[in-house]
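Structure record follows, encoded as structure tokens.
Keep in mind the model is a prediction, meaning the values are calculated, not measured.
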Amino acid sequence: MSTLVGTGSLIRLALRLDRVRLPIWMLVTVGLVLATATSVADLYPDDASRKQIAATIGSNPAMSAIYGTVYDTSLGAVVMWRLAIVGALMVTLMSIMTVNRHTRQDEEAGRLELIGATVVGRHAPTTAALLVAGGANIVVALVISAGLAGQGLPVGGSFLAGFAFGALGIAFAAVAAAAAQLAENARTVTGIAALVLAVAFVLRLVGDASSVAWLSWISPIGWLQQTHAYAENRWWTLVLLLAVAVVFTGVAFALGSGRDHGAGLIRSRPGPPAASASLSGPFGLAWRLHRGSMIGWLAGFLVLGLMFGAIANSATDLVKDNPQMAEIVEQMGGQSVLIDAFMTAILGIIALVVSIYAVQATLRLRSEETAVRAEPVLATGVSRWRWAVSHLVFAAIGAAVMLVAAGAAMGLAYGISVNDIGGQFGNVMQAALVQLPATLVVAGIAMALFGLAPRYVIGSWAALTVFWLLGQLGPMLRVPQWLMDVSPFTHVPKLLSDVSAAPLVWLSVVAVALMAAGLAGFRRRDIG
Amino acid sequence: MTHAISVSGLVKTFGRTRALDGLDLTVSEGEVHGFLGPNGAGKSTTIRVLLGLLRADSGTTQLLGGDPWGQAAELHRRLAYVPGDVTLWPNLSGGEVIDLLGRLRGGLDPKRKAVLLERFELDPTKKGRTYSKGNRQKVALVAALSSDVELLVLDEPTSGFDPLMEAMFRESIEEEKERNRTVLLSSHILSEVEALCDRVSIIRNGRTVETGTLAQLRHLTRTSIQAELATTPTGLAELPGVHDLRARDGHVQFEVDTAEIDGALRHLTSFGVRSLTSQPPTLEELFLRHYEDDLK
């Protein structure tokens with residue numbers, strides 16, 4: 001096994017490099033999952049309330065699409081149903097980021113070459129990354145299992161639930177390892193792995209919302225619920241997840257054996273020998289750099305919008321005789337009209353995802369700076385202000401375009417489903433656009449950090465995570481109002497019929513002020 | 001003669017590290033100025049202050065008659081910069097980057113670009129991530145050399161070049177010199193500086209320790225002499241300025257302070273010189289002498 005020589009040292013290196021970020025991520029994952037479990041237990045204490053919610057969800061494709069179906073009315077099963085998305089996202093993202101960081105990202109930066117020339121086997125980096133990610137997932141699985149059991153849930157089901165998340169994480173670690181062999185740059189690796197995750201999620205979503213139930217069965221995220229933890233406890237579903245892990249690990253090793261160092265299976269094609277007319281100023285350059293990711297995100301939002309627009313109508317079916325249901329939807333965002341509440345809730349989630357794009361696009365400034373690609377541009381006739389604005393524009397306009405796209409797709413699909421495109425399109429579009437100021441506030445936070453405290457730009461992700469958690473779990477955990485008010489998304493109008501302009505105006509003012517502060521700070525500080 | 005660059009008493013600190021500690025640098029218009037110093041001496045920091053990327057803590061800095069911090073973008077139109085460590089955008093081709101950088105500076109000469117691409121054997125269709133270090137430098141260099149600017153700021157531009165490319169680089173700088181452009185060439189390839197530069201500044205620990213033409217600098221140091229004499233010489237060691245004397249029969253080898261060379265040669269001829277080689281001090285020796293303290 002000479003190709004594995006040095007794996008041990010690489011594991012120690014990875015643990016040393018990740019000694020802060022990995023434990024924090026694990027802690028947040030476990031904390032979230034257990035907090036959700038507690039709040040579900042509070043919300044549905046007795047069998048009757050759980051029967052109610054199961055019936056509600058089961059008969060409503062829109063709700064089952066988002067949260068999956070409730071397969072059993074035991075407390076544990078409802079807990080598992082409710083925390084599936086949050087838990088799945090946390091473990092899969094942890095795995096993808098960890099594996100990518102220690103494989104392709106290091107290889108692209110040339111660090112792996114330095115390591116590869118020492119006594120390190122060809123497959124050692126991949127193996128080490130997989131073992132680190134795998135170990136982290138097992139620890140998370142154990143702590144979740146113990147935590148759930150500690151809340152008085154049946155031990156067997158708790159361990160199945162915990163290890164279902166662990167196995168899902170391990171499966172995606174393997175997916176990322178295979179992707180790292182395919183692409184030459186780390187950005188694309190994240191893209192491929194995230195695409196697999198998104199497809200898995202969409203398959204589960206469509207499968208649960210439609211009569212084509214087998215679709216959920218070909219999605220690893222669907223298997224999470226197919227474990228039927230706390231009900232039949234189908235342990236064999238773990239085997240499915242582990243099989244995915246084994247297959248993708250095999251793919252990663254096979255691909256890794258045949259390729260050159262630094263190369264990927266997706267080869268880069270030659271480019272044009274001269275720049276086209278559009279690539280002439282800082283904005284032309286920024287467009288080239290943001291174009292690919294903008295198109296990708298845009299396609300995603302169009303699909304999401306169409307999907308949710310098409311199923312939105314089913315949310316109305318239940319208003320009349322399901323007070324419990326109405327309560328849930330209210331907590332997700334709106335107050336009176338259920339269809340409005342559904343739309344706003346969905347668009348609220350979409351706005352958070354758009355914020356991810358906006359932060360990423362804004363922080364492109366920082367990555368250009370640290371990669372020393374900003375320096376040659378700033379050493380030309382381009383002023384700092386123009387350079388910074390050239391990227392910020394794509395963050396802000398990009399966010400607006402994506403909200404419009406999601407709103408348009410949703411409005412169109414919903415309008416078609418209720419035969420009233422003219423009446424509904426404008427409404428839904430308005431619901432999408434009211435999210436824009438809050439999204440821009442998040443971009444503003446990233447810009448302010450970039451200009452004033454460039455070392456701490458990671459704080460913008462922390463802020464976005466906090467806003468996301470407040471929105472998702474805040475009402476359920478009965479977080480005090482002042483804390484809820486910290487999130488710009490708390491202030492987005494919840495009702496289409498009653499949109500007051502005031503919060504939108506001052507959110508916009510805050511966003512502009514943050515961006516201006518960032519720009520002013522950037523003009524004053526050292527580059528690099 | 002006006003100065004393209006004029007820096008005095010420049011100080012720049014990063015936290016507790018004092019990267020520049022009262023540095024002086026003067027580059028006249030139309031000259032090729034060698035900027036020498038070991039790694040970490042402050043060469044790149046000085047250049048980055050000159051480009052307005054870093055803000056000086058104190059000292060005065062003038063670039064092309066302006067303030068590099070306050071008028072950065074304006075001044076940058078008149079200069080071209082090649083960083084020491086060139087990173088390119090992974091999905092832009094080399095040709096695209098050359099055109100882009102040229103346009104950002106206000107245009108470039110397509111004929112000159114074609115000539116330079118040919119000379120440096122650079123394939124402009126490759127994507128940024130597939131270039132080697134040397135080829136990434138070529139991209140930045142071709143972009144800089146084909147721009148119509150007054151001043152070239154080159155930060156170790158040839159560190160990834162093979163000897164053939166190094167020769168091409170020298171040829172290109174000679175051309176720039178003929179076109180009366182000012183060049184600030186930071187380097188630690190001393191033969192390159194020796195071949196190209198009119199004047200040289202040597203810096204160390206953020207301070208200028210020596211500056212002047214190569215002739216002036218040489219004057220401060222020693223010439224090495226090897227001679228074969230008809231008779232065994234006497235009294236050589238007692239001559240002023242003679243060092244490291246080694247003599248065996250008629251063969252002598254010694255170093256002499258350049259200021260005392262005349263006296264030493266007169267003394268030698270009295271023993272009947274059969275052959276004589278004299279070597280002026282190389283820049284390398286000059287350089288090493290200034291860093292001897294560090295080596296010890």
Side-chain angles (χ1 to χ4, degrees), chain A residues 107-110 183-188 260 262-264 267-293 364 367-387 390 523-528, chain B residues 12 14 44-45 47-55 69 71-107 110 113 117 123-130 133 139-140 143-144 147 149 153:
Chain A
E107 187 165 340
E108 194 189 4
E184 279 182 351
N185 62 337
R187 226 171 250 273
T188 315
D260 292 340
R267 299 237 161 225
S268 63
R269 283 163 300 164
S276 65
S278 64
L279 184 62
S280 57
F283 290 90
L285 174 62
W287 166 238
R288 267 299 289 274
L289 299 179
H290 289 278
R291 184 171 72 178
S293 94
R364 185 74 197 227
S367 61
E368 287 286 291
E369 183 186 359
T370 50
V372 213
R373 287 191 291 252
E375 199 172 284
V377 174
L378 291 171
T380 67
V382 178
S383 68
R384 290 185 182 204
W385 195 82
R386 273 184 74 206
W387 179 74
S390 75
R523 292 177 74 181
R524 240 160 269 254
R525 70 174 175 84
D526 288 347
I527 305 287
Chain B
K12 176 71 194 174
F14 297 107
S44 297
T45 307
I47 288 177
R48 300 175 83 236
V49 171
L50 283 170
L51 291 171
L53 296 168
L54 300 180
R55 186 176 218 166
W69 177 266
Q71 298 161 275
E74 239 168 276
L75 296 172
H76 291 168
R77 278 182 237 280
R78 296 159 60 195
L79 64 82
Y81 164 56
V82 176
D85 200 355
V86 182
T87 30
L88 302 173
W89 295 274
N91 47 357
L92 260 62
S93 73
E96 285 182 304
V97 173
I98 292 171
D99 286 350
L100 172 73
L101 289 175
R103 287 171 188 172
L104 293 176
R105 279 182 200 115
K113 174 189 155 194
L117 283 176
D123 176 1
T125 63
K126 284 178 81 175
K127 295 277 178 73
R129 74 171 77 91
T130 59
K133 173 172 165 61
V139 169
S147 303
V149 291
V153 179

Does the side chain of A:S276 come within less than 4.5 Å of A:R288's, by heavy atoms?
no

Go through B:R48, B:K113, B:R105 and name the one with the most non-hydrogen pairs under 4.5 angstrom from chain A.
B:R48

Out of B:V153, B:D85, B:L88, which one racks up the most heavy-atom pairs below 4.5 Å with chain A?
B:L88

Side-chain heavy atoms of A:E375 within contact of B:Y81, under 4.5 Å:
yes

Within the 4.5 Å heavy-atom criterion, are A:L279 and B:D99 side-chain neighbours or not?
no

For A:R291, I'd like to know if atom CZ has over 12 heavy atoms of other residues, nucleotides or ligands within 6.0 Å.
yes

Under 4.5 Å heavy-atom distance to chain B, tell me which part of A:R386 shows up: side chain, backbone, both or neither.
neither

Quick one: what part of A:R384 sits under 4.5 Å from any heavy atom of chain B, side chain, backbone, both or neither?
side chain

Is any NZ, NE, NH1 or NH2 atom of the basic residue among A:R525 and A:E369 found under 4.0 Å from an Asp or Glu carboxylate oxygen of the other?
yes

Kindly compute the distance separating OG1 (B:T45) from CG (B:L50), expressed to the nearest 0.5 Å.
11.0 Å

Between B:L92, B:N91, B:I98, which has the largest tally of heavy atom pairs under 4.5 Å with chain A?
B:L92

Between A:A379, A:G528, A:S383, the one whose heavy-atom pairs under 4.5 Å with chain B are most numerous:
A:A379

Between B:L51, B:L53, B:L101, the one whose heavy-atom pairs under 4.5 Å with chain A are most numerous
B:L53

In short, A:S390 meets A:A286 closest at the heavy-atom pair O-CB, 3.4 Å

Below 4.5 Å from any heavy atom of chain A, which atoms of B:K12 appear? Answer side chain, backbone, both or neither.
side chain

Closest-packed option against chain B by number of heavy-atom pairs under 4.5 Å, given A:V372, A:V377, A:L285:
A:L285

